[in-house]
Amino acid sequence: MINITLPDNSVKQYNDGITALKIAYDISEGLARNVLAAKVNGEVWDATRPINNDISLQLLTWNDNDGKAAMWHSSAHLMAEAIEILYPGVKFGIGPDIENGFYYDIDFLDYDISEKDLEKIERKMQELAREKQEFVRREVSKAEALRFFSNKGDEYKIELISELEDGEISLYQSGGFTDLCRGPHIPNTGVIKAIKLTKVAGAYWRGDESRKQLTRIYGITFPKKKELDEYLILLDEAKKRDHRLLGKELDLFAFSNKVGLGLPLWLPKGAELRERLEQFLKTVQKDAGYKPVISPHIGNVNLYKISGHYQKYGEESFKPISTPVAGEEFFLKPMNCPHHCEIYNARPHSYKELPIRYAEFGTVYRYEQSGELHGLTRVRGFTQDDAHIFCTPDQLKQEFNNVIDIIERIFTALDFKDVIIQISLRDSNNKDKYIGCDENWQKSEAAIIEVAEERKLNAIVEFGEAAFYGPKMDFIVKDAIGRKWQLGTIQVDYNLPERFDLTYIGADNGKHRPVMIHRAPFGSMERFVAVLIEHCGGNFPLWLTPDQVIILPISEKYNDYGKNVLNSLGKNGIRGIIDTRSEKTGRKIRDAELKKIPFMFIVGEKEESDGTVAVRKHGEGDLGTFGIQEISDIINSEVEKLMNLK
RNA sequence: GCCAGCAUAGCUCAGUUGGUCAGAGCAGCUGAUUUGUAAUCAGCAGGCCGUGGGUUCGAAUCCCUCUGCUGGCUCCA
C-alpha cells in the first residue's frame, strides 16, 4: 500500500501501481472525466502513469495551466497524426504547447500547404479525437529511439534524440502516430471537443536562419465548443481595438510608402494627443527635479564605438552618413544615452550637484527587419521618453524609488490597473556575459530588490535577463482584454560612466564614478500610444482625448448659441468642436458616438433661453440639463482627478 | 531577410469557370429639408482593378517580376 496526499492534506491509501486517473474515479466520476494530467510531488505526470511510492498528488483539469498545457501538447500530437494520414511521408520537427494553444513545425516536402488546407486537417483531427485514442507512454533506449526514427526517415527527430541522454527518452503513441516526447499527455483524445487551427507560418528549424525553414501550423483546442466560441469573440474584440484601424478611424497617425517603411506620420489629432502625454510627463518630471536637454539626431560614429552601441547596433542601424570630408561618418542615433553622457561631461561636477537628471524626448532610429514592423508598436524611427540620472552609489536606491513613483503616477493617470513588474538580474553562474565588478552588481541588485520589497511590489524575478551593463526593472501592463505589454523600464548602469569616463569630485576632493539610471516610463511614445489605443479601445481618458466635447445644435437656428457655448468652454480650458451640419439630431448623436467623443452638448430653443446645455455622455446617454459653468467644473475636476496633478 | 496569404473609388467590400465587369454602401461635393438623444431625401463627382512584363482575338480575372500590407519565423521532444 502507498499513501497519497491530496491538496487538502487528506491521505488516501492505494495499492502500488495505482494511477491518478483511477484515484480521480475513486473521488467522483465527474472529476475523472475532467482530469487532464496530474501533479506528482510537484512534477506534471500523465494521469495514467502508475504510481509506486508515497506521493502528494494534485489532479489537473482545464482550470490549471498545467492541465491546459497537457491538453494542448496532446493536441499537437493529434494534429501531427492527422497530418501524417493526410500527407504521408512528411517529417516532424517539434510540436509544443504555447501560451494560447500549440503548434507543430513540419517539413511538408513537396506538399504545398496554405490556410485553405487547415479545415481539412481540422476535420481529420475531430474524427480522430472522437476515437478517444489513448496516449501510451513507452520508455526506450537511445538506440531504440534512433532505430525507430531512422526507419521512419525523420531526420529532425534523430537530431533531437542525438542530443539526449540515454535513459531519459520516452515515446508516446496515440492512434497510429508515435512521437518522441517527454510528455505528459492527457488520458485520451476524447476530451478535445473543439479544434481551431489558426495560422500557417514559416519557421526555421530550431530558430536558426541558416537552417531549413519548416512549415509551422498553429492551433488551439478546448474541452467545450462554447469556450472556443468565447475565444473567437475575444480575438474579434482584439481586432476591433487594433490601434492600426483605430488610428486611421480617429485620424491619429498614418504611414506613407513614399516616406518609408516603419516611419510613422502623426496627424494633427494624434500629434496633439501625444503632446498632451509629453506635457503631462514633463510636468511630473519638472516636479521631480529633471532638467530638459536636447541632443541632435545624429552623432559621430566614434561616439557609438565608445558607448558600445556600434558593436551592438551596427547591423540594426541605418548605414552611416558620410560627410564630404573623407573619413567622417555619422550614425542616426539608436539611443540617447551617449549624447547625455557627453552633456554630463560638458563640465566637471561636484558631489553636491548629484543627482543630475537629464530628460529628453529623444527620437532614435533603428533598422528593424521589414517583417518585424507592426503599426506603431514596432517602427524604425521613434521617440523615447528618455532620461538619465547620474548619482552616487548611495543615492541609487532613493533615485530608483523616485522613478517608480513617476511610473506609478503615469499608469494611474492612464488607467492601467494591472501591472506586472519584472526584475531582471544577472546570471551569477555566467558572469562573463556582463561587465562591471561584483561589488557594483551586488549593490545595484540589492538596491532594486530592497526597493521592490519595501514597496511590496508585485514583482517576479528573472535571473540572466539583466542588461549586460546592469540589472533592470521592467513594467508590464495588462490591457483591458488581458494582453500583456512591456512598457516602462528602469535600468542601472555602471558601464557607460566608465566608458565615457564620467566623474564627480567627492567630499574627499577625489574623483569618483557616478552610477547611471536609464529610465523611460512610456518606453516610446509610438508604442505607448499604440498600447493605450488598444487598452481603451479608442475611448481615451478625458484629459487626453482629442475632443472632449461636441456641441450639437438641434437646427441651424441654434448654431450661434452653440458657438457661444463652445467659446465659454474654451475659456474654461475645455477642448470642443461643433457640428453645424443641417442634419437631424439623431444623426449628429450617432456620428459623435462613433467618433468616441466623451461629451455631447445638445442645444436647442430651451437651452438657448435658459443658457444651459443638455448633456449626453458617450456610451451612457442623457445626463440631463446643466449650466455651462456647472458642467465645465465637472469636466475640469474629472480631468484634474485623472491627471493627479496638484 | 524568409514562409504563407492579400492588394478593385478616401473607407468597407461585390465582381461566378477570362467575353457590356468597372459596381454598391459609407465618406466627399451640390441642393432640398430646419430637424430634440445612434443613419432625412435627391443629385453629382470619384478608379491605369498596387507596379512592370507575359499568355490570349480578348485579362480586374491566368503566369512571372517588383512594391506594399497582414500573420508567423524556439514559447526549445
Side-chain angles (χ1 to χ4, degrees), chain A residues 69 72-73 76-77 80 92-105 108 112-118 145 149 154 156-161 163-164 168-172 179-185 198-218 239 242 244-245 248-249 251 254-258 260-262 315 367-375 552-559 581-595 600-607 614-625:
Chain A
W72 285 334
H73 187 183
H77 280 235
F92 294 93
I94 59 168
D97 58 275
I98 53 177
E99 201 176 327
N100 274 307
F102 59 90
Y103 67 79
Y104 217 119
D105 283 348
F108 272 95
D112 278 328
I113 296 296
S114 75
E115 282 175 24
K116 292 186 195 92
D117 301 288
L118 296 183
F149 286 103
D154 245 333
Y156 305 102
K157 295 294 179 189
I158 291 169
E159 181 178 329
L160 293 171
I161 295 164
E163 291 166 18
L164 296 173
E168 61 169 28
I169 298 172
S170 56
L171 302 181
Y172 273 82
D179 203 356
L180 169 72
C181 184
R182 81 158 70 94
H185 282 287
T198 49
K199 49 207 168 202
V200 178
Y204 297 104
W205 173 232
R206 314 202 93 179
D208 182 346
E209 286 188 40
S210 67
R211 307 201 61 181
K212 185 162 182 187
Q213 192 164 42
L214 308 180
T215 303
R216 172 172 300 180
I217 300 181
Y218 285 89
K239 220 175 181 176
D242 191 319
R244 293 165 302 181
L245 298 178
K248 192 183 271 183
E249 259 172 48
D251 286 323
F255 288 90
S256 153
N257 298 337
K258 294 192 183 75
L261 299 188
E315 288 295 308
Y367 184 84
E368 304 285 353
Q369 293 193 91
S370 62
E372 299 282 355
L373 300 172
H374 179 93
L552 309 179
I554 293 291
S555 84
E556 284 173 7
K557 285 186 235 159
Y558 311 106
N559 281 352
R581 295 175 303 167
S582 71
E583 292 287 352
K584 289 184 158 177
T585 309
R587 176 54 181 272
K588 291 186 181 183
I589 287 171
R590 179 184 153 80
D591 287 347
E593 288 281 354
L594 291 176
K595 278 195 246 168
M600 282 153 267
F601 290 179
I602 295 155
V603 294
E605 192 182 347
K606 259 194 322 225
E607 288 76 16
V615 177
R616 182 189 163 102
K617 199 164 183 189
H618 168 73
E620 291 180 26
D622 198 354
L623 295 189
T625 303

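Lettering follows sequence order; numbering is per chain, from 1.
Rounded to an integer number of Å, the gap from A/F102 CZ to B/rA77 C1' is 16 Å. Regarding A/Q213, its CD atom lies at a distance of 10 Å from the C1' atom of B/rG1, rounded to whole Å.
Straight-line distance between the P atoms of B/rC44 and B/rU61: roughly 30 Å, to the nearest whole Å. If you take atom P in B/rA7 and the same atom in B/rG46, they sit 25 Å apart, rounded to whole Å. On the C1' atoms, B/rU8 is 8 Å away from B/rG47, given to the nearest whole Å. Nucleotides B/rC29 and B/rC64 place their P atoms 44 Å apart, quoted to the nearest Å. B/rG53 and B/rG10 are spaced 23 Å apart, taking the P atom of each and rounding to whole Å. Between B/rC63 and B/rG18, the distance separating the two C1' atoms is 13 Å to the nearest Å.
A/E159 comes within 4.0 angstrom of nothing in the nucleic acid, heavy atoms only. Residue contacts shown for A/S170 include a base, since a base heavy atom lies under 4.0 Å away. Within 4.0 Å of A/I589, counting heavy atoms only, lies at least one base atom of the nucleic acid. Nucleic acid contact class of A/A203 (heavy atoms, under 4.0 Å, all strands): sugar-phosphate only. Contacts of A/T585 with the nucleic acid, taken as non-hydrogen atoms under 4.0 Å apart, involve only primed sugar atoms and P, OP1 or OP2. Within 4.0 Å of A/A592, counting heavy atoms only, lies no atom of the nucleic acid at all.
Between A/Y218 and B/rC75, a side-chain N or O to OP1/OP2 separation shorter than 4.0 Å is absent. OP1 or OP2 of B/rA77 lies within a sub-4.0 Å distance of a side-chain N or O belonging to A/R182. At B/rU35, none of the side-chain N or O atoms of A/R587 fall inside 4.0 Å of OP1 or OP2 (strictly under the cut-off). Distances shorter than 4.0 Å separate some side-chain N or O of A/R244 from OP1 or OP2 on B/rG71. For B/rG71, one of the phosphate oxygens OP1 or OP2 lies less than 4.0 angstrom from a side-chain nitrogen or oxygen of A/H374.
Base pairing of B/rU40 is made with B/rA32, judged by Watson-Crick or G-U wobble geometry with both donor-acceptor distances under 3.5 Å. Under the Watson-Crick and G-U wobble criteria, each requiring two contacts below 3.5 Å, nucleotide B/rG71 is paired to B/rC3.
Between A/R206 and A/K557, it is A/K557 whose nearest contact on RNA chain B lies nearer the 5' terminus.
Candidate nucleotides B/rG68, B/rG72, B/rA38 were compared by shortest atom distance to the side chain of A/L261, and B/rG68 ranks first.
Residue A/E168 qualifies as enclosed at atom CD: its count of foreign heavy atoms under 6.0 Å is above 12.
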